[in-house]
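Have a look at the structure below before the remarks.
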Amino acid sequence: MPRSERSSIAEPIDVSSAHGGPTGSPYTLVCDELDKRFGATHAVRGVSLTLGRGRTLALMGENGAGKSTLMAMLAGELKPGSGSVAVDGRVAVVHQELSLFPLLTVAENLGLGREPRLFPGGPVNNRRLRADGRAALDRIGVALDVDTVVERLSPAEQQLVEIARAVALDPALLILDEPTSSLEPSQVDLLFTATERLKAQGTSVIFVSHRLEEVFRFADEIAVMRSGALVGAGPAADYTRESLVASMVGRELEQLYPERSADRPEAEPVLRFEQVSGHGVREVSFAIRPGQIVGIAGLEGHGQHVVAELAAGVRKPRAGRLVLDGSTRANGGFKSPREAIAAGVAFVPPDRRTSGLMLPLSIAENLTVAAAHRLHPTRLLDNGNEKRAIQPVVERLRLRFAELEQRVGELSGGNQQKVLFGRWLLVRDLRLLVLDDPTRGVDVGARAEIYGVLRELADRGVGVLLVSTDMLELIGLADEIHVMYEGAVRGSVPGHSATEEEIMTLAAGAA
C-alpha cells in the first residue's frame, strides 16, 4: 500500500493533459468511477466527484477510509486501477507531513526547483529569489524573514511555508491535507482568508481536516468516504456536526468526550514540577496526581512542548527539579527516556513517523516493544502470548490492518497513531502517560476511542499530562489546564468550567 501521508509537496501537474480535462466546463475537477486496489485491499471503490471552479470541498472520512489514495490519484501521483480523472489546469498538494529542507532558507525552500537565474544556465539570482519568496508569503498574509533557515522556524511557521509554496504554483486545484493541525487560531484565520482569495480567483480547494468546526467554516461542499467508497456528498449547509460524524463512522457517537470521574481523595502527586527552568521554559511548577488529567495549553512556541519533553526524559532541566512519587530525580530530572520508561513514565510524541514508530517493523513489533520483557520473559519469542496480549488492544482501539505482520509504515496516519498509543496499554506498571498533541491527524471516531481509553487509564490511577494545540480537546478531557506564555505558566483554570476565550486570554499574555 502507498503511504497515506507523503513527505513531499506535489509539483504542479496538468492532469487534464493525460486524462482529457474539462476545459470550458464549470468544473475544475471531474472524476468518474475511480477505483484502486492494493492486493487484497480495495482502497478506493468507484468514486465519482465533481468540483466547481472557486469552490471548497471538504473530503471527510475516518483514517483508512481511502482519502489519501483518492487524493494521490487526483494529483496524478498514483495511477487509478480504473476510472478517469480530469482537472482543468495544474494541481498542487500540501501533505500533512512537512517536506521542507531544514538547512535551507525560507526563500530557498519556496523557490526550490524553480530558482530564477541571472542568465540561462547561470547562477541563482538571489535578489529575485528572495523577492519571489516574499511575494509567495504575502499571498497568504504571512510575515516571515525569507532569509531565516527553516530549522529555526516553529512547526506552525514551517506549515505556513509549505502552504505558501503550494499557492505560489498558481494551481487550478489546491489540495490541503490537515493544513491546520499545527496552526494556532490566528494562523487558521490567515489560511481561511488566503483560501477565500484563491477561490475568488477561480482556484478550487480540497480541504481535509478532522477538526469539524474548521470544516464547516472552510467548506462549500462536503464529500464523505467510508471503507473506500463515497457514502455521501452535498452542500455543507445540509450537514450538522452530528450527521457528519454519523456518516463518517457509520454509527452514532453518543459522546466524544467521556464523563469526568468523581473527585479522588488527595494523594501524593505522581509527578511534580518544582521551579523547573531551561530550554525556553522558566520556573514552571505544577503537580499531577494519580488519576488526574492535567492539560498544558499555549500558543505555538511558548514552551508547552518542552514541558512534555522534560516530563518524559527527552530533555533535562537546567534548574529546578522533577519529583516522581515523592522522590527527587538525580540532577533534577530524568537522564534519558529509557530511565523515564523504567520509572513508569510513557511518552507519545507529536511526530509519530520520526520519533515515535519504527516504520519498517510490523504492527505487532511496534505494539509490544515497551512490554517485550513481560510478554517474552524467557527472551524467546512467544507468538501465542504476544497475540493474546495484543488482541484486546486492537479491538479496543478499532485498529484497521491487513495482518499484524504488516509494516506499520503502510497504515493510515490515524491507525499509526493508534499503534503508538496502544503500545502503552500493554505496560502494566504505567504511572504517568505524557501526551504531546496525541490526536493530530486523527479522525473523530478514533479520537472518541482514544479519549475513552485515556479516561479508563485515569480511572486506574494513571496520571496523564496532556499537551495539545486543540483547545476543545483540553477542555473536554483535562481536570486542570495550565496556560503558558513566554515559557512560564501564565495562569491555570479548572477543565470543567474553562472556555476557549479564557484560555486564549491567558495564552496571549493577559493576567
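Here the structure is a predicted model, which means the values were calculated and not measured. Side chains are part of it too, since the values below use all heavy atoms of this structure and drop only hydrogens, waters and symmetry mates.
Within 6.0 Å of the CD atom in Glu403, the count of heavy atoms belonging to other residues, nucleotides or ligands exceeds 12. Within a 6.0 Å radius of CZ in Arg152, no more than 12 heavy atoms belonging to other residues, nucleotides or ligands are found.
Although no hydrogens or angles enter the test, the distance criterion places a donor-acceptor pair under 3.5 Å between the side chain of Gln304 and the main chain of Leu299. Judged purely by atom type and a 3.5 angstrom limit, Arg211 uses its side chain to pair as donor or acceptor with the backbone of Thr180. Not a single donor-acceptor pair under 3.5 Å links the side chain of Arg139 to the backbone N or O of Ala164. For the pair Arg423 (side chain) and Asn366 (backbone), a donor-acceptor distance under 3.5 Å is present. Proximity of a side-chain donor or acceptor of Glu339 to a complementary backbone N or O of Ser336 within less than 3.5 Å is not detected. Panel note: side chain Gln292, backbone Asp479; no donor-acceptor pair is recorded below 3.5 Å.
In this structure, Thr499 has no side-chain hydrogen bond (donor to acceptor under 3.5 Å, both in side chains) partners at least two apart in sequence or on a different chain. Remark: Glu268 engages Arg272 in a side-chain hydrogen bond (donor to acceptor under 3.5 Å, both in side chains) (not counting sequence neighbours). A search for side chain to side chain contact (heavy atoms under 4.5 Å, CB included) contacts involving Tyr485 returns His302, Arg490, not counting sequence neighbours.
For the atom pair His279 NE2 and Arg315 CZ, the distance stands at 6.0 Å (nearest 0.5 Å).
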Set out, in order, the CA-CA distance, both residues' side-chain angles and the distance that settles salt bridge (Lys or Arg N to Asp or Glu O under 4.0 Å) for Arg217 and Asp189, then state yes or no. CA-CA 10 Å; Arg217 180 183 182 187; Asp189 292 341; 2.9 Å; yes

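Heavy-atom minimum distance, Ala236 versus Ala219: CB-O, 3.5 Å.
The existence of a salt bridge linking Asp459 and Arg260 is excluded, since no basic side-chain nitrogen approaches an acidic carboxylate oxygen closer than 4.0 Å.
Side-chain atoms of Thr328 and Arg321 form a donor-acceptor pair, as typed in the model, at a separation below 3.5 Å.
Note on ring orientation: taking the six-membered ring where Trp is involved, the planes of Phe207 and Phe218 are parallel (angle under 30°, cut-offs 30° and 60°).
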